[in-house]
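The structure appears right after this line, and notes come after that.
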Amino acid sequence: MKRRQFIRVGGYGAAGAAVAGGLTTDWYGRYGNPTADPGTDGDRVVPSFCELCFWKCGILAHVKDGRVTKIKGNPKDPLSNGHLCPRGAGGTGLLYDPDRLKKPMIRRDVRGSQVFEDVSWDDALGVVAENFERIKAEHGAAALALFSHGYGGSWMKHLVKAHGSPNIAAPSYAQCRGPREVGFDLTFGAGVGSPENTDIRNARCLVLIGSHLGENMHNTQVQDFADAIRNEADIITVDPRYSVAASKSRWWLPIKPGTDTALLLAWMNVIIGEELYDRDYIERYAYGFEQLAEHVKAFTPEWAYPRTGIEPDVIRRTARAMGAARPATLVHPGRHVTWYGDDTQRSRAIALLNALLGSWGRKGGFFVPSQIQLPPYEYPGYLKPDAQAADRPAPSDYPLGDQVLAQGVCDAAITGVRGDSAIKAWMVYGSNLPTTLPDPENTYKAIQELDFLVTVDVLPAEIVGWSDVVLPEATYLERCDELYNPWWREPYVAVRQEVVPPMYDSKPGWWMARELGKRIGLPEFFPWKDSIEYAKTRLEAAGLDCEVMKEQGVIRGKPGPLYFEEGAVPEFYTDSGKIELYSPKLAALGFDPMPTYDHSKLEEPPEGYYRLLFGRAPVHTFGRTTNNRLLSEVYRENEVWVNRDVARRWGLEDGERVYLQNQDGKRSSFSAPVKVTGRIRPDAVYVVHGYGRRAPKLRFVHGKGIDDNELITRYKVDPIMGGTGMNVNFVTFLRAADVVEDEPAVDEPVVVAEEVVA
Ligand code: MGD
Ligand code: SF4
């Protein structure tokens, strides 16, 4: 049973089979079978939660002779349910990565020269504290910005808030799921959060719009997806690429990239026109149905066909499949949704479709999540920041952007962008900005203008090479972190605990934040001895037993009703208290109150160019894991997916190496092999994100494959919330054999930590 379950998790179609195949050979032999008996083969088993991606599955780490020998799913954890995705089982590949940052370092030459000296923690923290205080005295507290990604960042956020800066940004908002949250919030008065409240396992019809479950590996969702497949749910996948999810679907709609809103409007046209919607639900809970019905009248399947490439008959039949299964029809909200700059409106169209099908709060649609009441640690209140966040040109811009925009904070370091530059110092926690923010040249420009840049990381990523001070963090297996208390199907709290002591001279984030806090005169914000004392205080305040938590890793609460039909209270925190099909809020701000679609705004590729699309591989989390030697046994370099007719026209052979060059003449630093396939439309190419790494201290992955991000020199900003639509770049091919590589084959300086200046 366990083995079958595991293979289901990792085993979809071609990519899944490759994963399972890789695991059953080398991986099992060398690192142990992750599906073997859960009993320990070592001295002890420590429960914690994973950080190989941001899903936070509960794990059991087995330790023998002081080494972590295997990592398995914690059966008590409601996210992992005792099973991990292929990445989670490979966490030791990060822990024992020989390229890890080992000591604090200080730059000893001009920025960009990349000459570092290994120093003591005392010296490194002293320099950071001195710069934070100096910059605060000269420019105000808000001149310090924090970029943070990953759960450990909570300590740094606390530090920077206590310091008095509002400039705390995460690329997971404006570069990822922000538009989705805003679109759903406008409609239902709540976003879908993370982990999403999608009831995939009970869906009888599941619609995936550019959401490649199985390649995008969020463990619980993939387990639930396997259940939906087993239950013979009708699956409709809309993707220009025949993804793994498409291979498991009854319907694959190879849509023209950028036209999804047209398809969504046409689906609504059919669902309302043929009365397939949930009339009773709409009458009870929705506001603005008449306006929506009138609005979508013009968007017939015949109107959508020339725009989307999806035939009217297919649009009608898939709409009927959705209507037949309602309310157990889930139009998945997606996750990485910053595509074309109109993303809030596209997400809202998805939300409206779900509303018409009556799926919000219903079994097989979106369940109603609950959370354990866990009081916060009692600190003195944070001071009111001395300035507004510097992330947008005017405070009224992107009016519904309710988090700080990472791209805008980056821009605010460049003189002239916000008048005089507003940001003078960056602290970067777990975020490799040159491969994360669009238009990397802009990011380098901002970095060069900074007074000070400190990075907290575990690996010598590109951003490390640009830093003034580098603080090596202990990995998630070597540290405790903030308690995890999500809104989920059942309420629970999980703990991250130290499995083995930190290796080398690395330290946990909580320790760094506390030491820095003390040095910059904020000891009252760090009154606890360590993170365990901190967690104990919070757990006790909630009446939870710290010992049980340490032993089990998880404490579960009593689940509430999950669906309206089971007694969950239908509450919509919109202004009208109803599901807003017509949005008075958008209308008042001068935006379309209901989504619309203007095909004339969609740019076509120039002759000989193809739209650059990018996504995930099941064993990797962006660039976070591509240096992980264990995970790379399964997938070690990305490929460029090229439609077979296009390849024939170009005379490209399968496996032949190419560089990509974009519409602005920007060429990829490295090449990648071509994958000739019928599984992608001829107007697009596709690569997995996270390769083409330029930091040579990442010795394993350096130079492998193509970095999509360096080809994203253009992006379109969502006027509603400030997200950066990045699927608006086009590339052409350069045969590797015809390209003379620059010397060295990098377009940026590199980190050479050994070049120590005495
Ligand atoms: P992307 O990876 O960007 O987002 O995962 P997803 O939400 O799936 O999805 C790209 C898909 O959208 C591709 O299949 C692409 O062909 C398709 N696509 C591109 N343009 C269009 C278009 O115009 N229309 C349509 N309909 N489809 C289009 C992201 C999610 O994955 C996130 S945010 C995180 S943080 C996690 N990261 C991650 C990971 O890095 N690795 C693995 N293995 N799993 C992950 N899971 C999570
Ligand atoms: Fe870890 Fe995989 Fe869960 Fe992400 S989905 S937290 S990598 S086990």
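Counting convention: from 1, in listed order, for ligands and their atoms alike.
Under the 4.5 Å side-chain criterion, counting only non-hydrogen atoms from C-beta, Arg201 is not in contact with Gln221.
Note on atom 2 (Fe) of ligand 2: protein N/O/S atoms under 2.8 Å are Cys85 SG.
Between Tyr484 and Tyr492, the ring planes lie perpendicular to each other; the angle is over 60°, past the 30° to 60° tilted range.
Comment: Arg100 does not engage Asp97 in a salt bridge, judged by the lack of any side-chain N to carboxylate O separation of less than 4.0 angstrom.
Relative to the ring axis of Trp339, Arg346 places its NZ or CZ within 45° and under 6.0 Å from the centre. Stacking of Arg679 on the aromatic ring of Tyr686 is not recorded, the 6.0 Å distance cut-off and the 45° axial limit not both being met.
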Can you give each donor-acceptor pair under 3.5 Å made by side-chain atoms of residues 493-500, sequence neighbours left out, with the distance rounded to 0.1 Å?
| from | atom 1 | to | atom 2 | distance (Å) |
| --- | --- | --- | --- | --- |
| Arg496 | NE | Phe49 | O | 3.3 |
| Arg496 | NH1 | Glu51 | OE1 | 3.2 |
| Arg496 | NH1 | Asp481 | OD2 | 2.9 |
| Arg496 | NH2 | Phe49 | O | 3.2 |
| Arg496 | NH2 | Cys50 | O | 3.1 |
| Arg496 | NH2 | Glu51 | OE1 | 2.9 |
| Gln497 | NE2 | Pro47 | O | 3.0 |
| Gln497 | NE2 | Lys550 | O | 2.7 |

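Contact annotation for Lys56 and ligand 2: only backbone heavy atoms (N, CA, C, O) come within less than 4.0 Å of the ligand.
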